[in-house]
Every structure is written in structure tokens, then in C-alpha cells.
2 protein chains.
Amino acid sequence: MTGPTGSEPRSPAVQVAWADAREALRERGLRWTPQRRLILEVLAETSGHITGAELVERCRARDGATIGSTVYRTLDVLEELGYVRHSHGSDGREEYHVLPLAEHAHVRCLGCGAAWDLSWEDARELAERLEARNGFKVALGHVMIGGYCPGCEPAAP
Amino acid sequence: MTGPTGSEPRSPAVQVAWADAREALRERGLRWTPQRRLILEVLAETSGHITGAELVERCRARDGATIGSTVYRTLDVLEELGYVRHSHGSDGREEYHVLPLAEHAHVRCLGCGAAWDLSWEDARELAERLEARNGFKVALGHVMIGGYCPGCEPAAP
DNA sequence: GTTGTTCTTGCGAGACATTGCAATAACAAG
DNA sequence: CTTGTTATTGCAATGTCTCGCAAGAACAAC
């Protein structure tokens, strides 16, 4: 694991990665709209994970006219472009992982809800094993490991 | 992996495991109702995985008066008793794993949607590693590994 | 600037799941 | 069998996310 993720502002070095989003869209014949600009802005200030509903709410805070379905559809587009990656939290809600510089697996505590990224070594080992034994190609962005961190205990059985 | 799971009828040997459900409920001061009886019946004929919505539908096929929320609440109770275990499929829908004789992790192909159980050795290795390195106790029932099986390829990037 | 193509948006409907609350029914006790 | 306790149910409202479709906007070409 590489440490818990939160929602602190991104470093300037990382922010630039969003700068070419408009370019990336245009290259694919997609369009740059005020709605997408707003969503990108909010995402650029987000680090770690964010749920779909949270993103809708933060966008709505800046522009009361924000429409939920537009946000979700934009998220789909951004995922295709590689800017976000989504999975599902333990409650089944969409959870978007922002700017996956390297795709990685998620580890989540079922007790306190904290989330980490699986360390690269652990991930690689898991992936190599499954591929070698079964020819199964692991998609690290789609791996969720639930459990309990030190301090959090499973509910009594 | 131990092979794909489906929805064939259970063997008689496994069916008996459901017989004491009524007993298990009563021991906890919970009640045996016609609704729960129906849900148990349907589950007893199910093997592998089933989504919440599917279960509701199958119950409704036998009793048109079946109420969704009752089914979901019963599922919660059964999960506490250990008769089912739930996780979330790649589309975020609830997915109940029936009668988890041994808790195990899920492997799912993002291409064809097929699901397997992670082999016990692979699972144990993953669990031991995370526990040793980070003190993180893996809950195998809450592990989802996405990827692509031989024959299914990731969508072009 | 005008025009045309087509990607996007807004909006409403719908699927799935959760929750609060009042009415009901299961169970134990007498 | 009757009664009292309280777990459960049914229902309605809410929340999250998806989808179809017509109107609107972005972009390129002229």
C-alpha cells in the first residue's frame, strides 16, 4: 500500500496533466463545452477518490444548473480518455479514481472506509500469478480488496 | 480459479444446508415468515451468484405480491447468518453469492462477464502478504479482481 | 459571418437499492 | 385459545445512476 488517499489540492506538477484535456477531446472529434470545463476544473482540484454523487454536488455548488446525467456521461468520456478510472465502493456507489498516472488496485477497510492503493509489488505479483496459472489478464484498475486495517475489527460474527 | 459459476439446481447434499435456516433464525429471536420461506426456497434452487433484482424477480414469479424491500432486508439477515455473501458486480449492482461454504474472492472477466472463484492458494497468498506487510486483514468475501480471460481482449485503448 | 454536421445537453422516465414509519403477524406465555 | 411483545412487512419517498430523444451548441468549412 502506498498510503491513504484524500481530497487535498493537487500539486502544480500534476495539474498540468489536465491542461491537454481539451486537446485530447478535440483529437477524437469530441467537443469542449462549458459543462465539461466545469467538471474538469472540479476534478483538477480533487485527488484520490470521489463518488459520482459527490462530483455532481461539487459541480452544482459552482453552477446550480449542473445536470446529473451530464456529469455521469462526461465521466464516461474521461474514463475512455484515461483521465479517471472507476470502480464500485463497498456500498455499490460509483467511485472515480482521479488521474491514474499508473493504474493500480484499490484496498479498502470495511471498518473505517479508508482506501489505499495496492503497492506495485503486491499488484504485480497477483497479476503475474493469475496470468501464469490461468491466462487471466488482471486489470489492476478493476481490483478491489476489502478487509480490515489494524485498529478496525470485523463486526462480531 | 475453480471454474465458472452458474445457476444450475443444487445437489441434494447441498440443499440440506438450508434446512436449518428456520432454526438458525429462531435461535436469534428472528421470525419465520412466508416471505422468508419463499426467498429461501428460491435461493436453495440457485447456485453461484444472483443479483438482488434477479432474486426479486424470481420471487415475484412465484408470488406476485413479493415486495422488493422485503427481499433486500431478508438478504441482509441471511448475510448475517452466513447463508449468502454480497459484493458488487462491475456494473455496481448487488451480487449475492449463495451459500459460501468457504469465503472466497471473486474473479471476473470484464469482457464476457464470466465469474470465477479465486483459488484458495492464490487467495491465501494475497491475504498473507497484505497481512504481513501492512497488518491488513483481507476479507476474501470482499475481494473483486477484474481482468480478461483468454479469448476476451480489452477494448482498444 | 453563415451554414451544415453531429456531438452534447437537458429533461423526463425508469431501474436498482435503501430507509422511515405505521400496521401486521409471529411467537411465547398463560 | 387469548394476549402481549416486538420482529417484519408493505408502502411510499429518496438516492444513485442509466437511457432515449429532441433541441441546442461546438466546430469546421466556405
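Note that the structure is a prediction, hence the values are computed from the model and not measured. Keep in mind that the numbers below use all heavy atoms, side chains included, and drop hydrogens, waters and symmetry copies. Just so it is clear: chains get the letters A, B, ... in the order the sequence lines come, proteins before strands, and each one is counted from 1.
Following rounding to the nearest Å, Leu38(B) (CG) and dG10(D) (C1') show an atom-to-atom distance of 15 Å. If you take CZ of Arg26(A) and P of dC7(C), they are 15 Å apart, rounded to a whole angstrom. Rounded to whole Å, the distance from CG on Leu55(B) to P on dT18(C) is 13 Å. If you take NE2 of His86(A) and C1' of dT18(D), they are 12 Å apart, rounded to a whole angstrom. Remark: P of dT16(D) and NE2 of His88(A) are 15 Å apart, rounded to the nearest angstrom. Taking atom CZ of Arg60(A) as the reference point, atom P of dG10(C) lies 11 Å away to the nearest angstrom. For the pair Glu54(B) CD and dA15(C) P, the interatomic distance rounds to 16 Å; values are reported in whole Å. Between the CG atom of Leu25(A) and the P atom of dT9(C) there is a distance of 10 Å, given to the nearest Å.
A donor atom on one side chain and an acceptor atom on the other are not found under 3.5 Å apart for Arg36(A) and Thr70(A).
When each of His106(A), His49(A), Arg108(A) is paired with Glu95(A), the side chain to side chain donor-acceptor pair (under 3.5 Å) condition holds for Arg108(A) and for no other.
Contact of the Thr74(A) side chain with the Tyr72(A) side chain is not registered, since no non-hydrogen atoms from C-beta on lie closer than 4.5 Å.
Dashed line: the shortest gap from a side-chain N or O of Arg36(A) to OP1 or OP2 of dT8(C) is under 4.0 Å.
For Arg93(A), the listed nucleotide lying nearest its side chain is dC17(D); candidates were dC17(D), dA26(D), dC27(D). Candidate nucleotides dA28(C), dT9(C), dT8(D) were compared by shortest atom distance to the side chain of Gln35(A), and dT9(C) ranks first. Looking at the side chain of Arg31(B), the nearest of the listed nucleotides dA17(C), dT6(C), dT6(D) is dT6(D).
By the 6.0 Å contact criterion, CD on Glu57(B) is open, its count of non-hydrogen atoms from other residues, nucleotides or ligands being 12 or less.
Applying the ring-ring contact (aromatic ring centres under 6.0 Å, His included) test to His88(B) and every residue at least two apart in sequence or in another chain returns His86(B).
Using a 4.0 Å cut-off between a side-chain N of Lys or Arg and a carboxylate O of Asp or Glu, Glu45(A) and Arg58(A) do not qualify as a salt bridge.
The stretch residues 67-77 of chain A touches DNA chain C through Ile67(A), Ser69(A), Thr70(A), Arg73(A), each having a heavy atom under 4.0 angstrom from the strand.
Across the interface with DNA chain C, nearest-nucleotide mapping of Ala53(B) and Pro34(B) shows Ala53(B) to be the residue nearer the 5′ end.
Among residue pairs with one or both ends in residues 65-76 of chain A, none qualify as salt bridge (charged side-chain N to carboxylate O under 4.0 Å, His left out); sequence neighbours excluded.
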